Novice: 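A single structure is presented below for examination.
Just so it is clear: chains get the letters A, B, ... in the order the sequence lines come, proteins before strands, and each one is counted from 1. Every value quoted in this text rests on a predicted model; they were computed, and no experiment measured them.
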Amino acid sequence: MEEQLKIDFEKLLENSNFSKKNVEIKRKNFNDFIEKGFPNRREENWKFSDLNQIISKNIKNLSFYHDLSKPNKIDQSIFIDSLEHNKLVFVNGRIEKIEFDYEEKNKIQILDDLVLEKPNNANNSLLFLNNAFVSKYFKLIVKKNYSLLKPLVIYNITNKDLVSKSVNLKVDILLEENSSLKLIELSNDKSTTNFININYNFDVQKNSILKNYKIDNNSNSNVKYCFNNINQDTNSVSEIFLLSSGSEFIKNEINCNLNGKYASAFVNGIFNLNETKHHEIKTNINHIVENTKSYQLIKGVLEDKSKAVYQGKIFVESKAQKTDGYQLSKAILLNDNTEFNAKPELEIYADDVKCSHGSASGSLNEDSIFYLMSRGLNYQEAKKLLINGFLLDVVEKITDTEIKNLIKNIINL
Amino acid sequence: MREKQIDQLKDYKYGFTTDIESIKAPKGLNKEVIKFISNAKKEPKWMFDWRMKAFERLKNLKEPNWQKPKYPKINYQDIYYYSAPKGTGEKPKSIDELDPKLLETYKKLGIPLQEQQRLNGIAVDAVFDSVSVATTFKDKLNEVGVIFCSISEAIQKHPELVKKYLGSVIPLTDHYFATLNSAVFTDGSFVYIPPGVRCPMELSTYFRINASQTGQFERTLIIADKGSYVSYLEGCTAPMRDENQLHAANVELVALDNAEIKYSTVQNWYPGDDNGKGGIYNFVTKRGLCKGINSKISWTQVETGSAITWKYPSCVLQGDNSIGEFYSIAITNNYQKADTGTKMIHLGKNTKSKIISKGISAGFSDMTYRGLVEISSKAKNSRNYTQCDSLLMGNKCGAHTVPYIKNKNPESNIAHEATTSKISEEQLHYCQQRGLNPEEAVGLIVNGFCKEVLQQLPMEFAVEAQKLVGISLEGSVG
Amino acid sequence: MLKIKNLKADIDSKSILNNFNLQIKPGEVHAIMGPNGSGKSTLSNILSGKKGYDVSGEILFENKNLFELEIEERAHKGIFLAFQYPLEIPGVNTNIFLKTSLNAIRKARGEKELDAIEFLKLVKLKAKELKFDEEILNRQLNVGFSGGEKKKNEILQMSILNPKLSILDETDSGLDIDALKIVADGVNSLRKKDNSFLIITHYQRLLDYIKPDYVHVLMEGKIIKSGGPELALELENKGYENFN
């Protein structure tokens, strides 16, 4: 693979016109990636999901360069029509549309020729890979005191032309003071066996609100990694919802730093998996200063031979007194060959805190099924009803009614 | 060699040294030392070969480094692997022949060995540095067929049992410290409970490290044959020294059909001084195999001592319907560090496990609970319940909870709960208003916090453990 | 027995008590009544030694300066506070708590500590006197107790510890009439010529059952009026609003 990487990297530099500074940074990151390679299970973070193995099992002849010079057609049928929204459309990793029809133009700014920065996590080789190969690095800025009137949907579309490629996206989002953004990321894949590596950086400044809904629901054979770094200032709120369902493999990693007092973070997620899908959610919530709050609720329903992993960590600095941290993960295993792994972790250095976590996994409650069947439902109906009830709990946490209904529709709740 | 004594004996009351002449193997880890140990124990050739196999394997192993408490590199060539009080080469026939200094030592530790002073209902095997110096109540146990002796004696007298079970739960190749122990273990206890026998008294081993620059590598093997029951307790202390000493023990338990083993530990190795100098590195491998159907193994531990505690008493639930339990109190104060917990590996059907862990950190200390619960795809209808609670005292210490939960069976359930809390000002105020001083109040509240675990200890030790919980936290309030 | 002179108490530079004066003689029962926020609970907290207040002035208990004594030393000297919100302490058996507490106080006074049997005898006796169900003593301290049970438990502790000065901080709040009677009976049975009581309350109704010798009205951190039991009735009729 190393040979291929080198050839593809040179090809990328040749066919792009990166600034000198960026080329330099890219080379450095490229070398760092070559040195570390894809992560494997010997790394604690990847203990339950050996990416190196998953890639070699699922993707034949992975290559790292593909031509982004020609525009792609957008399949309009993918657009959400029940909801008025702004759009950012990526097809096969190429930006095809930027549309903020509902917003005041001078309140939103998009930059696309940024100087790359060193990844903030020195151990994460996938961030090196992303920096080395990403073709454009975008930044969206929401200006001070502005709340977007309509949600923004980032469409991540891949089409049939894309096969066994490594695709990298990097987007920074800055919410200036007193601003707010509802962001839906919707992926739609008709491509086969690609490795899609997305890196988001959110900077949520004072009194700002970020609502981020990540929807991966259509079945596909791609392997994905999405790293989200969130920095939150005083009195800011982030609400993340993950629907983890469609891809063959996806790991969503959320690293959230509560840097300002009264900042709070909510992470809610659903695994809805079948066949041989293997999904992971990994969170790191870092309570850095006092009076911050985090809440995490993850639920999974696993069928066939699927596997779900939740690694959730709450970290509390010694000066972060009065922290409130909560975390709960639950999974229902429907078949003999399913597997749920959890590592709910607490690391606490302050004494005046309220932190707890819980995790439970097991079968559907047979007594409840029996009860429902005695009221006239057949086994399948009873099962479906219980599963829906189990998942609904998470969807109900979504604070935006319109989007809540959209997601209920998507998963037929 | 001069031994440096530490003056302050106020906190750790077992910190004294017994001035007794000892026989030591030369420092260092090599074939000759292993031969020396094997010869000193008059071991048969198969035992020496077994040790050498471990030693060869060790050359290819690396010390693990994933644990949270890091420690300076240990120079394995600078340790005495064998130290025995002079005159114990031939184990005395009767306890009265023992060196009076040894008797005095154990008396001071609260474990009198002489006939007339023995603790009622508890048989004790006393291990001093590398050798077992006395075992009490042997005859009485013999009457019901219970074998309770030092492992060295068992190797000579019951080779068939030792050969069959030694290394059957913790393989030679398991990991660095377990393999090191297999190569150089010096003594420890051996217990065999024959079928259908309920051991008539508590069995107990008391470990004492006395000599300086000496590691203690004990090996304990307990076999509960079909339908038998035994309750076993170990206690440990060491003098106060400003060097770190290594204690790397292996404990293996085997429970056959319908048998039950209850293993309790009150660990009070010297924890180092208030500034974190000295203390024992307590790196121990403990594992129990529920081999038979309906078997049960229950670990209870009260860990208050040692500079670093690093251990995970585990249960492999192989027999159908078998049960594993782990009850733990771990307290760290000053600069102590602990990374402890358990593993429950469910292999058989209808297996159940329960984990109750109470961690308390004070001062500048750091405490980690690390545990694994794994239910394999064949372990139908299995259950686990885990509860881990941490209590922090002050904001210079840390509490870390790292559970690994793996469920591969849809008919099985795992439930895990964890909380972190502190003693509230209001609770303290309430207790003080009723006349308790702050340390008594903390002791009371902490004992309440630990109650579920303390209840598991045999009566005789529960009281001792309660006091220990209070003492360990002295100086942490205010 | 208790002399409070010019007591001033602030918390986070906010003044709670100001120029507060009170004197209680042995055998007397004093009631302090006041609206919410008048400083009633602050008074009981300061008497028991709770930290977090900036205080000045003087409090003498049997001619000893209270400010020089730790919380538990005050308890040893015979000050008992029946908490408005008794604390829950998980895992600690109520009996064991009481025995530890009683023996700590006895030890400090140079009296012989009671062994388990003597203690249980005493507890049985007191529980019977107060018509309490002993069963609650085998439960974890205040854990899962109803509001009434918590308050009764405070009174039982008071009767076992036999203090010189008992401070009842809104012990009547949240009690139904039956529980209120039991609490009042408990207090009345402890009234002796050397034992004094300071009853802090919002309402007059407890005073129907425990006849105080003096009633003081606390408003905005100081006593604005003192009198006999009739003052409580007057207060009840007029309300705090119109009292001034």
Side-chain angles (χ1 to χ4, degrees), chain B residues 302 327-329 331 356-360 387-391 393-394 417-457 459 462-463 465-467 469-471 473 477-478, chain C residues 44-53 69-94 96-109 111 113 139-143 150 153-154 156-158 160-163 166-167 169:
Chain B
V302 178
Y327 297 94
S328 170
I329 298 170
I331 300 179
I356 307 285
S357 162
K358 306 280 179 177
I360 299 142
Q387 192 190 329
C388 297
D389 297 322
S390 311
L391 194 67
M393 302 175 70
E417 289 170 27
T419 62
T420 298
S421 56
K422 70 163 193 166
I423 297 175
S424 73
E425 287 296 323
E426 282 73 20
Q427 280 177 328
L428 273 180
H429 180 221
Y430 188 65
C431 292
Q432 281 179 268
Q433 209 299 306
R434 296 296 182 265
L436 308 186
N437 69 38
E439 292 196 338
E440 288 168 330
V442 168
L444 191 83
I445 295 168
V446 170
N447 269 303
F449 174 76
C450 298
K451 191 177 182 192
E452 282 163 282
V453 177
L454 289 169
Q455 278 172 339
Q456 298 298 322
L457 285 173
M459 265 285 272
V463 179
Q466 273 186 31
K467 279 191 211 143
V469 166
I471 291 167
L473 289 168
V477 210
Chain C
S44 64
N45 282 338
I46 285 172
L47 287 173
S48 70
K50 192 167 191 212
K51 306 203 166 58
Y53 296 95
L69 299 178
E70 287 299 324
I71 306 169
E72 68 273 20
E73 291 168 332
R74 301 181 193 199
H76 299 162
K77 291 261 177 287
I79 293 180
F80 179 92
L81 170 62
F83 282 64
Q84 184 180 3
Y85 304 107
L87 274 291
E88 297 188 3
I89 304 187
V92 175
N93 179 290
T94 307
I96 290 175
F97 173 73
L98 253 174
K99 176 164 172 263
T100 315
S101 165
L102 179 64
N103 280 336
I105 292 175
R106 292 182 70 99
K107 196 172 153 192
R109 290 179 185 161
E111 295 166 6
E113 294 180 42
R139 287 163 37 190
Q140 297 179 27
L141 185 56
N142 292 328
V143 177
K150 281 183 183 170
N153 190 14
E154 294 291 286
L156 178 62
Q157 290 180 33
M158 180 172 88
I160 287 168
L161 299 178
N162 194 20
S166 303
I167 304 156
D169 188 0

Novice: Just verifying a value: how many Å separate C/Leu87 CG and B/Ser424 OG, rounded to the nearest 0.5 Å?
Specialist: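 Going from CG on C/Leu87 over to OG on B/Ser424, the span is 5.5 Å.
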Novice: Test C/Leu102 against B/Arg434 for side-chain contact (heavy atoms from CB on, under 4.5 Å), laying out the working first.
Specialist: CA-CA 8 Å; C/Leu102 179 64; B/Arg434 296 296 182 265; over 6 Å; no
Novice: What option among C/Pro90, C/Ala108, C/Pro163, C/Gly49 has the most heavy-atom pairs under 4.5 Å with chain B?
Specialist: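 Looking at each option in turn, the highest pair count goes to C/Pro90.
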Novice: Provide the closest heavy-atom pair for C/Ile105 versus B/Gly435 in the form atom of the first, atom of the second, distance.
Specialist: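 So the two residues come closest at CG1-CA, 4.0 Å.
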Novice: Please determine whether the number of non-hydrogen atoms from other residues, nucleotides or ligands lying under 6.0 Å from atom OH of C/Tyr53 exceeds 12.
Specialist: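 Atom OH in C/Tyr53 is crowded, with more than 12 foreign heavy atoms closer than 6.0 Å.
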Novice: Select one option (side chain, backbone, both, neither) describing which atoms of B/Phe449 are under 4.5 Å from chain C's heavy atoms.
Specialist: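 Contact with chain C: backbone only.
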Novice: What part of C/Gln157 is in contact with chain B, defined as an atom under 4.5 angstrom from a non-hydrogen atom: side chain, backbone, both or neither?
Specialist: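 Just the side chain, heavy atoms under 4.5 Å.
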Novice: With a 4.5 angstrom heavy-atom cut-off, could you sort out which part of C/Pro86 is near chain B: side chain, backbone, both or neither?
Specialist: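 For C/Pro86, heavy atoms of backbone and side chain both lie under 4.5 Å from chain B.
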Novice: Does B/His429 reach the side chain of C/Asn45, with side-chain heavy atoms less than 4.5 Å apart?
Specialist: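 Side chain of B/His429 against side chain of C/Asn45, heavy atoms only: contact under 4.5 Å found.
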Novice: Would you name the heavy atoms of C/Ala104 and B/Leu436 that are closest together and state the gap between them?
Specialist: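 Of all heavy-atom pairs spanning C/Ala104 and B/Leu436, the closest is CB-CD2, 3.8 Å.
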Novice: Any idea which of B/Lys451, B/Gln455, B/Glu440, B/Glu425 has the most non-hydrogen atom pairs under 4.5 angstrom with chain C?
Specialist: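 Top count of heavy-atom pairs under 4.5 Å with chain C: B/Lys451.
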Novice: Can you list the steps and then say if C/Lys50 with B/Glu426 is a salt bridge (charged side-chain N to carboxylate O under 4.0 Å, His left out)?
Specialist: CA-CA 9 Å; C/Lys50 192 167 191 212; B/Glu426 282 73 20; 3.5 Å; yes
Novice: Quick one: pull up CD1 in C/Ile89 and CG in B/Leu444 and give me the separation to the nearest 0.5 Å.
Specialist: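 Atom-to-atom, C/Ile89:CD1 and B/Leu444:CG are 6.5 Å apart.
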Novice: Could you check whether any side-chain N or O of B/Gln433 sits under 3.5 Å from a backbone N or O of C/Leu81, counting only pairs where one atom can act as donor and the other as acceptor?
Specialist: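 Confirmed, B/Gln433 side chain pairs with C/Leu81 backbone.
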Novice: With a 4.5 angstrom heavy-atom cut-off, could you sort out which part of C/Ile79 is near chain B: side chain, backbone, both or neither?
Specialist: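 Both parts, heavy atoms under 4.5 Å.
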Novice: Mind checking whether C/Phe97 and B/Tyr430 have parallel, tilted or perpendicular rings, split at 30° and 60°?
Specialist: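 Aromatic pair C/Phe97/B/Tyr430 classed parallel.
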Novice: Could you check which of B/Gly448, B/Cys450, B/Ala441 has the highest count of heavy-atom pairs closer than 4.5 Å to chain C?
Specialist: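 The option with the most such pairs is B/Gly448.
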Novice: Any side-chain heavy atom of C/Glu72 sitting closer than 4.5 Å to one from B/Pro438?
Specialist: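 Side chain of C/Glu72 against side chain of B/Pro438, heavy atoms only: contact under 4.5 Å found.
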Novice: Mind listing the closest non-hydrogen atom pair of C/Val92 and B/Ile445 along with its distance?
Specialist: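 In this case the closest contact between C/Val92 and B/Ile445 is CG2-CA, 4.4 Å.
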